[in-house]
Amino acid sequence: MRRTDSLLALWSPRLLSVLRAAAAFLFMSHGMQKVLGLPVPRATPVELLSLSGIAGVMELAGGVLLLIGLFTRPVAFLLSGEMAVAYFYAHAPQGFWPLLNRGELSALYCFVFLYLAAAGGGPWSIDALRKQ
């Protein structure tokens, strides 16, 4: 039991960094598509000053910052709020169940980012390097 506890204590903070980077990489792709048309161009381009354009800039810039672990707490808090707004603005009006209103990704990102806002970026982040 003691060996398992020490292994968990060793890897829990590191896996926090892995969760942060993986979520950021996946989230960033939504912003890349809206802002840059990558990896798959959108049928209609997004106006940067539209709601979708501002969301795309937040997703791209915030995703990059989270990926490298810079300003993790405030960025994650802002992105958590963005995903809450996205859920209640775009998905919730289509029905109660996230699977049916297609809002499960927005809801999941919202709570993952809220966790990162509380927990920070972990040891493998620029934030951790800046504290040294």
Subject >> Met83 vs Glu59, side chain to side chain contact (heavy atoms under 4.5 Å, CB included): CA-CA, chis, key distance, verdict >> reply: CA-CA 10 Å; Met83 289 295 94; Glu59 291 160 5; 4.0 Å; yes

**OP:** Verify, without hydrogens or angle tests, whether Asn101 (side chain) and Gly95 (backbone) share a donor-acceptor contact under 3.5 angstrom.
**Re:**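 Yes, Asn101 side chain to Gly95 backbone: donor-acceptor pair under 3.5 Å.
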
Original post:
Are Arg2 and Asp5 close enough for a salt bridge, meaning some N to O gap below 4.0 Å?
Top reply: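 So Arg2 does not pair with Asp5 through a salt bridge.
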
Could you pull out the closest heavy-atom pair between [X] and [Y], with the gap in Å?
X: Arg20; Y: Ser125; answer: NH2-CB, 3.6 Å
X: Pro93; Y: Ala90; answer: CD-C, 4.0 Å
X: Tyr87; Y: Gly103; answer: CD1-O, 3.4 Å
X: Met28; Y: Val64; answer: SD-CG2, 3.4 Å
X: Pro13; Y: Pro123; answer: O-CD, 3.0 Å
X: Arg42; Y: Ser52; answer: NH2-OG, 4.4 Å

Subject >> From Leu116 atom CG to Arg73 atom CZ, the distance as rounded to the nearest 0.5 Å >> reply: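 If I round to the nearest 0.5 Å, the distance is 9.5 Å.
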
Neighbour count >12 (heavy atoms, 6.0 Å) for atom [atom1], [X]:
X: Arg14; atom1: CZ; result: yes
X: Leu8; atom1: CG; result: yes
X: Glu104; atom1: CD; result: yes

Original post:
Taking it one step at a time, do Leu48 and Ile54 satisfy side chain to side chain contact (heavy atoms under 4.5 Å, CB included)?
Top reply: CA-CA 6 Å; Leu48 280 181; Ile54 292 168; over 6 Å; no

Original post:
Should the ring pair Phe27 and His30 be called parallel, tilted or perpendicular, given that the plane angle runs from 0 to 90° and is split at 30 and 60?
Top reply: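 Rings of Phe27 and His30: tilted, as their planes differ by 30° to 60°.
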
**OP:** Go through Leu16 and Tyr115 one step at a time and tell me if the side chain to side chain contact (heavy atoms under 4.5 Å, CB included) criterion holds.
**Re:** CA-CA 10 Å; Leu16 168 62; Tyr115 172 68; 3.5 Å; yes

Original post:
With sequence neighbours left out, what residues match Ile68 under side chain to side chain contact (heavy atoms under 4.5 Å, CB included)?
Top reply: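 Per chain and number, Ile68 pairs via side chain to side chain contact (heavy atoms under 4.5 Å, CB included) with Leu70, Ile126.
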
